[in-house]
Peer 1: 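Dumping the structure here so I can ask a few things about it.
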2 protein chains.
Amino acid sequence: MTLMTKPIDFTDDYLAYLLARSSHLVSEQFHRQIQAQGWSTNYWRILASLSDVGALTLTQLNQRVLFKQPTLSKLVVKMEAEQLLVRHKHDADKRSVKISISAMGRTLVADLLAQAKAHEAKVLEDYSEEQQQLLKSMLRGLVVHLQE
Amino acid sequence: MTLMTKPIDFTDDYLAYLLARSSHLVSEQFHRQIQAQGWSTNYWRILASLSDVGALTLTQLNQRVLFKQPTLSKLVVKMEAEQLLVRHKHDADKRSVKISISAMGRTLVADLLAQAKAHEAKVLEDYSEEQQQLLKSMLRGLVVHLQE
DNA sequence: AGTAGTTGTATTCGTTTTCATATAAAAAAG
DNA sequence: CTTTTTTATATGAAAACGAATACAACTACT
C-alpha cells in the first residue's frame, strides 16, 4: 500500500478536483448506509457538528456544516419540531439563535458516530497508523491555512 | 508553514469531514469567481472533465463530475443546445450517448483552465513544491484506493 | 440621541435536483 | 432463438435549494 501516485491529466493534478473526488468517494457509502436507516445526510452533519460543542449560533453552525444559510435555517426549524435539537434566544444578541443538541439528538448521534468511526476504520484499513495521521494532519493544515 | 496539526474534537479527526471541509474551502472562492463571469460551476466541471479526453459516454462523464445521472442527463442536453458540447450516438452500443466538447466549449474551457491553475497556485503559494506534490499524491492514492 | 451602515436570521419564489420510473438495447440464461 | 436480467439514458412529478430580499437588532459616526 503506497500513498504515492503520479498525475496523468489536468484533473489528476488539480487539487480542487482531487479533494472533491476523494471527499465524494469517502462519504458516498456511508451516506447510503445512513439513508438506508431513514436519516438524511444533512441531519447527520448537523448533529455531528453539534455533538462536539455546547451551543452554536446559526451562523457558527453553518460554518461547520457548509450549507447555505437559508438551507440550514429551514432544516433547524424542522429538526427542532422533531425534538432532535433546541433553538434558544441568545441573551447577548437578540437577533441570533443559539442551537444545541437535545437528549434525543444525542442518543441518535451517538449511534451514528459509532457507525462513522467504524466506516472510517474500514476505509483506512490498508493504511498504517502513520499514514493515516499524515493524511489527516495535512488536511487539517490545509483547512487552517485556507481560513486564514 | 507546516503541514502538521493536531486534532481537537471528533470532526477534526474524521477523514470525511476534513475532506469535505477542505474541498469546500478550496473550491468556494473559485466558484464565486466563475459565477461572477456568468458561468455555473456545473458547466465548469463538465467542460473541465471533457477537456482532458476525446469523448465519454454519459455514464463515464458522470463518474468524473460526480452528479446524479438525471442531473447530468439534463445538463448535457442544455449544454448541447448552447453549443458547448456535442452528443453523438455510440456506434457499438445504441443505448449510450457519447459526449465530446465542441470548439466553442474548448475556447471557454481554455480560459477557465487558466484561471483554475492561477487560483490553485495562489491557494498553495505558501507550500513548497515537495509539500504540494505530497498532498496531491496522497489524495490520488486515496481516490485509487477507494475505487478499488 | 439620531442616522447610516452592518449583521443575524427568516421567508419568498423561481430554479435545480432528484426519486422513481419508463424505455430501449445489450447480455445472460434457459 | 425466446425469455429474463442487466445496463444506459431520459423524463415527469415532487422536493430541495438558493438568490434576493425582508426584517429586526446591533454598531459606529456625527
Peer 1: Taking for each residue the nucleotide of DNA chain C bearing the nearest heavy atom, is the 5' side occupied by A:Ser96 or by A:Pro70?
Peer 2: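 With A:Ser96 and A:Pro70 compared, the 5'-side residue is A:Ser96.
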Peer 1: Are B:Leu134 and B:Leu19 connected, step by step, through hydrophobic side chains (Ile, Leu, Val, Met, Phe, Trp, Tyr) whose heavy atoms are closer than 4.5 Å?
Peer 2: yes
Peer 1: Quick one: the side chain of B:Lys74 and the base of C:dT18, do they pair up donor-acceptor inside 3.5 Å?
Peer 2: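 Such a pair is found, so the answer is yes.
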Peer 1: Please give, in whole Å, the distance from C:dA20 P to B:Lys68 NZ?
Peer 2: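 To the nearest whole Å, that distance equals 12 Å.
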Peer 1: Does any N or O donor sit under 3.5 Å from an N or O acceptor when you compare the side chain of B:Arg95 with the base of D:dT7?
Peer 2: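 Pair found.
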Peer 1: For the side chain of B:Gln69 and the base of D:dA8, is some donor closer than 3.5 Å to an acceptor across the two?
Peer 2: no
Peer 1: Using 4.0 Å as the upper bound for N to carboxylate O, is an ion pair formed by A:Asp13 and B:Lys136?
Peer 2: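 Result for this pair is yes, salt bridge flagged.
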Peer 1: Whole angstroms only, please: what is the CG-C1' distance between A:Leu58 and D:dA24?
Peer 2: 15 Å
Peer 1: In whole angstroms, how far is the C1' atom of D:dT9 from the CZ atom of B:Arg87?
Peer 2: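 These atoms are roughly 9 Å apart.
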Peer 1: Round to a whole Å and report the spacing from CG of B:Leu72 to C1' of D:dA8.
Peer 2: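 The answer, rounded to whole Å, is 12 Å.
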Peer 1: Check whether the side chains of B:Gln33 and B:Gln29 place a donor and an acceptor atom closer than 3.5 Å, and report yes or no.
Peer 2: no
Peer 1: What is the distance, to the nearest angstrom, from the CZ atom on B:Arg32 to the P atom on D:dA19?
Peer 2: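 Atom-to-atom, B:Arg32 to D:dA19, this comes out as 11 Å.
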Peer 1: Output the rounded distance in Å from CG (A:Leu75) to P (D:dA16).
Peer 2: 9 Å
Peer 1: Rounding to an integer number of Å, can you tell me how far B:Asn42 CG sits from D:dC17 P?
Peer 2: 15 Å
Peer 1: Round to the nearest Å and state the distance from A:His31 atom NE2 to C:dC19 atom P.
Peer 2: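 Computing the A:His31:NE2 to C:dC19:P distance gives 13 Å.
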Peer 1: For the residue pair A:Asp9 / A:Thr11, report whether a side-chain donor-acceptor contact shorter than 3.5 Å exists.
Peer 2: yes
Peer 1: For C:dA10, does either OP1 or OP2 sit under 4.0 Å from a side-chain N or O belonging to A:Ser73?
Peer 2: yes
